[in-house]
There are 2 protein chains.
Amino acid sequence: MDKKDLQILALLQKNAATPLAELAQAVNLSSTPCWRRVQKLYESGVIQKQVALCDPRKLNVPVTVFVSLRAGEHSDAWMKRFVRAARDIPEIIEIYRMSGDVDYLLKVVVPDIAGYDKVYKRLIAAVDLQDVSSGFAMEVLKATTELPLDYAD
Amino acid sequence: MDKKDLQILALLQKNAATPLAELAQAVNLSSTPCWRRVQKLYESGVIQKQVALCDPRKLNVPVTVFVSLRAGEHSDAWMKRFVRAARDIPEIIEIYRMSGDVDYLLKVVVPDIAGYDKVYKRLIAAVDLQDVSSGFAMEVLKATTELPLDYAD
DNA sequence: TATGAAATCGACCGCCC
DNA sequence: GGGCGGTCGATTTCATA
């Protein structure tokens with residue numbers, strides 16, 4: 001990936017609806033070669049997809065909760081059950097297996113505290129958990145889907 | 001927002017490039033009224049924007065780190081300096097002010113551990129921090145930008 | 001082999017019903 | 001909410017360096 005590809009990515013990460021003409025102008029190319037570059041970025045999987053980002057407040061899920069938890073037991077079966085259960089809960093939008101003192105970290109979006117409690121109950125109903133601790137986001141200071149392009153080869 | 005709007009949102013959250021015709025068919029509408037609904041969703045800010053999502057591995061930032069930190073001092077000036085510094089670091093893609101024992105939670109993407117150390121150093125060079133603890137994601141089990149639509153009015 | 005110009009094709013967006 | 005038609009941008013072909 002050369003400089004032009006990275007410029008294209010920078011623009012598309014900000015706004016996937018950027019007209020091809022504008023994209024082409026930004027990288028000093030005419031639309032055809034620029035278009036082919038964009039195609040290649042999709043085909044090679046660098047760009048995974050193109051999505052609409054919604055406002056959590058407008059969808060009535062203004063509260064973000066980070067949940068740290070420790071597994072009830074450390075077996076493959078437990079993990080599978082846990083992942084299956086957590087993936088099926090739409091309020092849980094991110095799941096990470098972590099190093100260190102907590103086993104998993106979840107990012108959860110809910111309307112309010114009561115909404116979080118429902119998710120919590122649904123989770124402990126599905127699997128045994130040794131420890132669950134939740135932290136509420138008071139304020140979102142930054143939230144972007146743009147990945148840094150400084151490290152790409 | 002009625003059921004059709006939510007169906008449209010569900011599809012656009014998965015794929016913002018969905019052709020209007022397909023969208024219209026999914027909600028049993030002809031393209032014009034469907035298009036008008038989509039416009040309204042943008043204008044009303046329910047849909048904030050449309051972005052390209054990239055593969056972190058392809059961009060050489062396969063490592064996700066969650067950083068919990070406590071402020072060096074609790075003043076408005078400190079917070080402003082911190083937010084300004086952290087926002088300017090492209091590897092820091094999310095910043096939350098938290099309740100509870102940690103003051104802030106950061107989501108950071110880097111190529112490797114050494115890359116994280118650079119971000120860490122850059123951060124402590126900018127502001128005084130009382131406590132910093134980092135957790136590395138070993139595995140991403142779920143990561144979506146789709147918000148749950150169950151709570152929307 | 002990669003680019004650019006031009007023609008085609010389809011989606012989008014205004015009109016009116 | 002639906003249907004029509006113009007306009008615009010996206011995609012393909014072809015010529016070129």
Side-chain angles (χ1 to χ4, degrees), chain A residues 1-60 144-153, chain B residues 1-60 144-153:
Chain A
M1 269 186 306
D2 64 357
K3 192 171 177 178
K4 290 183 198 287
D5 284 327
L6 296 178
Q7 283 182 275
I8 291 171
L9 281 179
L11 289 168
L12 291 182
Q13 281 198 123
K14 283 188 200 303
N15 177 15
T18 310
L20 192 58
E22 192 176 320
L23 224 53
Q25 188 183 3
V27 296
N28 288 320
L29 235 50
S30 75
S31 62
T32 306
C34 182
W35 176 80
R36 271 203 283 263
R37 279 171 184 267
V38 174
Q39 290 309 100
K40 283 209 77 171
L41 289 169
Y42 275 99
E43 282 162 22
S44 64
V46 175
I47 298 177
Q48 291 179 318
K49 55 181 178 173
Q50 195 174 326
V51 301
L53 296 183
C54 295
D55 184 343
R57 297 176 50 169
K58 295 270 165 66
L59 292 180
N60 200 26
T144 183
T145 56
E146 294 172 44
L147 298 177
L149 301 173
D150 309 314
Y151 303 104
D153 359 71
Chain B
M1 269 187 302
D2 64 358
K3 194 171 177 178
K4 289 180 196 290
D5 283 326
L6 295 178
Q7 281 182 276
I8 291 171
L9 282 178
L11 288 168
L12 291 181
Q13 281 198 123
K14 282 188 200 304
N15 177 16
T18 310
L20 191 58
E22 193 175 320
L23 225 54
Q25 189 184 3
V27 297
N28 289 320
L29 235 50
S30 74
S31 63
T32 305
C34 183
W35 176 80
R36 271 201 287 259
R37 279 170 183 268
V38 174
Q39 288 310 102
K40 282 208 77 169
L41 289 169
Y42 275 99
E43 283 162 22
S44 63
V46 175
I47 298 177
Q48 290 180 319
K49 54 180 178 174
Q50 195 172 328
V51 301
L53 296 184
C54 295
D55 184 343
R57 296 177 51 171
K58 296 271 166 65
L59 293 180
N60 200 28
T144 182
T145 56
E146 293 173 44
L147 299 177
L149 301 173
D150 308 314
Y151 302 105
D153 357 71

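For the numbers below, each heavy atom of this structure counts, side chains included, while hydrogens, waters and symmetry mates do not. In what follows, chains are A, B, ... by sequence order, proteins preceding strands, each numbered from 1. The model shown is predicted, which means the values in this text are computed figures rather than measured ones.
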Q: Can you name the closest pair of heavy atoms from Ala16(B) and Ala52(A) and give their distance?
A: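 Closest heavy-atom pair between Ala16(B) and Ala52(A): CB-N, 3.5 Å.
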Q: What string of B, S and - do you get for nucleotides 12-17 of chain D 5' to 3' if you count protein non-hydrogen atoms under 4.0 Å?
A: B-----
Q: Drop me the distance from Gln48(B)'s CD to Lys58(A)'s NZ, to the nearest 0.5 angstrom.
A: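 One gets 7.5 Å once the value is rounded to the nearest 0.5 Å.
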Q: Is there a residue in residues 10-30 of chain B whose heavy atoms reach under 4.0 Å of DNA chain D, and which residues are they?
A: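 Close to the strand are Leu29(B), Ser30(B).
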Q: Give every donor-acceptor pair under 3.5 Å between a side-chain atom in residues 144-153 of chain B and any protein atom, sequence neighbours left out.
A:
| unit_1 | atom_1 | unit_2 | atom_2 | d |
| --- | --- | --- | --- | --- |
| Thr144(B) | OG1 | Glu146(B) | N | 3.0 |
| Glu146(B) | OE1 | Lys14(B) | NZ | 2.9 |
| Tyr151(B) | OH | Glu91(A) | OE2 | 2.4 |

Q: How would you list, by chain and number, every residue that makes a side-chain hydrogen bond (donor to acceptor under 3.5 Å, both in side chains) with Asn60(B), sequence neighbours excluded?
A: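 None.
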Q: Please state how far atom CZ in Arg37(A) lies from atom P in dT1(C), giving the value in whole angstrom units.
A: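 In whole Å, dT1(C) P lies 17 Å from Arg37(A) CZ.
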Q: Run the side-chain donor-acceptor check on residues 17-36 of chain B: report pairs under 3.5 Å with partners two or more places apart or on a different chain.
A:
| unit_1 | atom_1 | unit_2 | atom_2 | d |
| --- | --- | --- | --- | --- |
| Thr18(B) | OG1 | Asn15(B) | O | 2.5 |

Q: Once side-chain hydrogen bond (donor to acceptor under 3.5 Å, both in side chains) is applied, do any residues pair with Gln7(B), and if so which ones, sequence neighbours excluded?
A: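 For Gln7(B) there are no side-chain hydrogen bond (donor to acceptor under 3.5 Å, both in side chains) partners, ignoring immediate neighbours.
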Q: Side-chain donor-acceptor contacts of residues 38-47 of chain A below 3.5 Å, not counting sequence neighbours, with atom names and distances?
A:
| unit_1 | atom_1 | unit_2 | atom_2 | d |
| --- | --- | --- | --- | --- |
| Tyr42(A) | OH | Gln50(A) | OE1 | 2.7 |
| Ser44(A) | OG | Lys40(A) | O | 2.8 |
| Ser44(A) | OG | Leu41(A) | O | 3.4 |

Q: Kindly indicate whether the side chain of Ile8(A), heavy atoms from C-beta on, has any atom under 4.5 Å from the side chain of Leu11(A).
A: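 SC-SC contact between Ile8(A) and Leu11(A) ruled out.
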Q: May I have the distance from Lys40(A) (atom NZ) to dT1(C) (atom P), rounded to whole angstrom?
A: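 It works out to 13 Å between those atoms.
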